[in-house]
Amino acid sequence: MTQSTDPLRVLIVGAGFAGLTAAIECRKRGFKVILFEGNSSRRQLGDIISFGSNSGRIFCSWPGVEEKLDPLCHHSSGLDFRTYDDEFLTRQIWDSEKKYGKRFNGHRGEIHEVVWNHAIDVGVEIRLGCKVQEYFETESEAGVVVNGERIVGDVVLAGDGVRSLARTIVLGFEDKPKSSGYAVYRAWMNTETLKQNPLTAFLADPTQDQHIGWLGPDVHFLVATLQKGTACSWVLTHKDDADVEESWSAPGYVDEAIAAIPNWAPICHAIVRATPEHALVDWKLVFRDPLPTWISPKRRIALIGDAAHPFLPTSIQGASQSMEDGVTAAVCLELATKGDRGNVPEAIRAYEKIRYPRVLATQRTGVTNRDAWHKADFDYVRKNPESVKLPRQEWVLNFDCGKHAYDAYSETVESLKADPDWKPDPVL
Ligand SMILES: Cc1cc2nc3c(=O)[nH]c(=O)nc-3n(C[C@H](O)[C@H](O)[C@H](O)COP(=O)(O)OP(=O)(O)OC[C@H]3O[C@@H](n4cnc5c(N)ncnc54)[C@H](O)[C@@H]3O)c2cc1C
C-alpha cells in the first residue's frame, strides 16, 4: 500500500454531467482532479433535459448554482395529458417536488454552462481538445493517453458517454448498440411564430409555463415552454426502424415529423410547423443491454454516466443517475483513501456494488413508462385517464445518493470481502 500525504490524483474523462459532477465532488474532497474533454470548446448542444429531485438536491448543494439555474428552467405546476385528437385526459400535478425536493428541467447547453462554470470555480482543471485515445492501469496506478501524452493518476473515472471508448477497455470487447425501434424528433425554439397563431398563442404566456403531452398509438408528443413564455421545446417519440447511428445533431425535417403524426389534432401540426428546421433534430433512440460490469480488471478505472448505463428518455433519469454516479464515486474514494492511495480498488468495487442495483431498477422504469404510453389501448385510456400518469416513485426521487454512499460503504466493503467474486446481475 502506498502511503502518501499528497492528494489523490483523479483523472476524469468527458465533461458531460457525469464527468463534471464527479470532478466537482472530488475537488470538494481535496483531490487533484484533471478533466479531459475531447471537444475543443464547451458546446451548447442539446435541447430539453430533465433532472429529478434526486439530482436537483446535488445542484442545490453547490453554492450559487440553484440561483443560476432557476431562471433558465421550466416551472409549470403540472403536465396535461391529452389524446392525439386533443381530448383532455388528466393533469399530473408536480407535487413530488414539494415532497422530495426541487427538480430542474431546461436547455442542456444552458444548464451545462452553469455546472461547467461551477467546476472551474471550485478548481477543476478542464483540458479541452483532449480526446482520450487509450486507457491503462497497473496494480498501483491508472492513466490515459491524450494527444500522444501518457498521463498517470491513481484512478480514472470515465464519463465518455454512450459511445464510450473506456467501455471497451473495461469490458474487453466492444459493446454494440441495438435499435430500440423508436426515434425522437426534438426541437428547441423561440415562441415568436407560435404567438402569431391563435391555436398556439397561449404557449407564449409570460406568466405561466405550459407542459402538455399528447398521446397516440405508439407515438407521444411532449411540449414544454419556459423562460417567461419565450422558449418552447418539444419531443416527438415515434416508431422507427432506421439504422442505429446515435447523434445529437442529426438534422430533422418538419415534413417527416408531421408524417409521424398524420391524423393528429391541428394544434400538434401547428407546433411542428412553427419549428425552424435548423432547430429540429432527428435522434435515433438506441439501447444497450445493462453491462456485466462497470469497472476494469485491476479496479482502477470505472465507468460513470451513460458510458456505464444508457437510459431510455422515458425513464427521465439518465442525467440524474449520471450525477448520482459522480457523487457516489467521490464518496467511495474519500472513504477508501483517507491518508493513503492503496484502497482505490476497494473504492471502485464499492462504487459499482452500491450503484448497480439502483441504476438497473431505474433503467427498467424507462421501458415500463414507454410501454404505458405507447402500447396504450385508447378506449381503456379514455375510460381510465389516470393510467397515463407518470409514476413518481419515492425510491427514485426522494434519494440522497451522497448520504446513501456514506451509510452503505462499510457494509458494502465487508460484503465484498466475504464474497470476492461478486458480480452485478445485469438482467433488465
Ligand atoms: C451533444 C450532446 C447533446 C445532448 N443533448 C441532450 C438533450 O437534449 N436531452 C437529454 O436528455 N440528453 C441529452 N444528452 C445526453 C445527456 O447529456 C446524457 O444522457 C446525460 O447527461 C449523461 O451524461 P454523461 O456525462 O454520461 O454523457 P454525455 O453528456 O454524453 O457526455 C460525455 C462527454 O464525454 C466526451 N467524450 C467522449 N469521448 C471522449 C474521449 N475519448 N475523450 C475525452 N472526452 C470524450 C464528450 O465530448 C462529452 O462531452 C446529450 C448528450 C450530448 C453529448
Side-chain angles (χ1 to χ4, degrees), residues 11-24 34-52 55 58-59 74 104-113 115-116 119 126-135 144-147 149 151 156-169 184-188 222 224 233-235 237 246-250 252 279-283 285-288 294 301-327 329 355 359 362-363 366:
L11 306 182
I12 298 179
V13 183
F17 287 101
L20 285 171
T21 304
I24 291 166
I34 307 178
L35 175 51
F36 301 96
E37 168 54 49
N39 291 321
S40 51
S41 60
R42 201 198 69 77
R43 298 197 294 173
Q44 199 75 355
L45 280 176
D47 45 75
I48 195 105
I49 192 165
S50 301
F51 296 87
S55 55
I58 303 172
F59 287 140
H74 171 82
F104 296 88
N105 297 336
H107 191 286
R108 179 185 181 273
E110 293 174 357
I111 296 178
H112 187 255
E113 184 174 22
V115 176
W116 174 284
I126 303 181
R127 294 194 189 169
L128 286 165
C130 287
K131 193 167 176 61
V132 167
Q133 290 132 344
E134 276 178 50
Y135 292 76
V144 293
V145 177
V146 179
N147 300 334
E149 190 189 349
I151 296 149
V156 177
L157 301 176
D160 55 347
V162 279
R163 293 169 157 194
S164 168
L165 167 69
R167 192 195 292 134
T168 308
I169 313 283
V184 190
Y185 291 107
R186 317 177 55 104
W188 182 283
L222 292 175
S233 173
W234 59 261
V235 291
T237 305
E246 316 164 274
S247 171
W248 284 101
S249 51
L280 183 57
V281 170
D282 178 11
W283 180 48
L285 200 50
V286 307
F287 197 63
R288 287 183 168 81
W294 301 347
I301 304 171
L303 303 178
I304 57 174
D306 282 359
H309 44 67
F311 270 76
L312 288 177
T314 37
S315 70
I316 328 179
Q317 273 290 310
S320 293
Q321 293 301 319
S322 295
M323 292 183 70
E324 286 194 6
D325 286 351
V327 173
R355 292 290 300 143
V359 167
T362 43
Q363 279 174 308

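Order of appearance sets the numbers: ligands from 1, and atoms from 1 within every ligand. Keep in mind that the numbers below use all heavy atoms, side chains included, and drop hydrogens, waters and symmetry copies.
- Counting atoms of ligand 1 from 1 in the listed order, those under 4.0 Å from a heavy atom of Cys130 are 42 (N), 43 (C).
- Distances from atom 5 (N) of ligand 1 to the heavy atoms of Arg108, Gln133, His112 put Arg108 nearest.
- The Ile48 neighbourhood of ligand 1 comprises atoms 7 (C), 8 (O), 9 (N), 10 (C), 11 (O), with distances under 4.0 Å to a heavy atom of that residue.
- Atom numbering of ligand 1 starts at 1 in the shown order; those under 4.0 Å from a heavy atom of Asp160 are 32 (C), 34 (O), 37 (C), 38 (N), 39 (C).
- Qualifying ring-ring contact (aromatic ring centres under 6.0 Å, His included) partners for Tyr185, counting only residues two or more places apart in sequence or in other chains: His238.
- Residue Arg186 places a heavy atom less than 4.0 Å from ligand 1.
- Going from atom CG of Asp160 over to atom CD1 of Ile12 covers 12.5 Å, rounded to the nearest 0.5 Å.
- Shown in contact with Phe36 at under 4.0 Å from a heavy atom are these atoms of ligand 1, numbered in order with element: 43 (C), 44 (N).
- Contact annotation for Ala18 and ligand 1: heavy atoms of both the backbone and the side chain come within less than 4.0 Å of the ligand.
- Checked against a 3.5 angstrom limit, the closest N/O atoms of Val13 and ligand 1 fall outside it.
- No side-chain donor-acceptor contact under 3.5 Å links Ser50 to the backbone of Gln317.
- Numbered from 1 in the order shown, with element, the atoms of ligand 1 that lie under 4.0 Å from a heavy atom of Gly305 read 26 (O).
- The main-chain N or O of Ala307 is never found under 3.5 Å from a side-chain atom of Arg288 such that the two would form a donor-acceptor pair.
- With ligand atoms numbered from 1 in the order given, ligand 1 contributes 20 (C), 21 (O) to contacts under 4.0 Å with heavy atoms of Ala319.
- Applying the ring-ring contact (aromatic ring centres under 6.0 Å, His included) rule to Tyr135 yields no partners; only residues at least two apart in sequence or on another chain are considered.
- At a threshold of 4.5 Å between non-hydrogen side-chain atoms, the residues Lys131 and Leu165 do not count as touching.
- The distance from ligand 1 to the heavy atoms of Leu45 drops below 4.0 Å at these ligand atoms: 1 (C).
- Here's the thing with Val132: one of its N/O atoms is less than 3.5 angstrom from an N/O atom of ligand 1.
- Interface of Asp47 with ligand 1, defined as ligand atoms under 4.0 Å from a residue heavy atom, comprises 7 (C), 8 (O).
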- Message: As a quick check of understanding, evaluate side-chain contact (heavy atoms from CB on, under 4.5 Å) for Leu20 and His112, giving each step before the final call.
- Response: CA-CA 9 Å; Leu20 285 171; His112 187 255; 3.5 Å; yes
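- Side-chain contact check for Pro313 versus Thr237: every heavy-atom pair is 4.5 Å or farther apart.
- Comparing Ser320, Gly19, Gly159, Ala308 against atom 33 (C) of ligand 1, the shortest heavy-atom distance belongs to Gly159.
- Rounding to the nearest 0.5 angstrom, the gap separating the CZ atom in Arg108 from the CZ atom in Phe51 is 8.5 Å.
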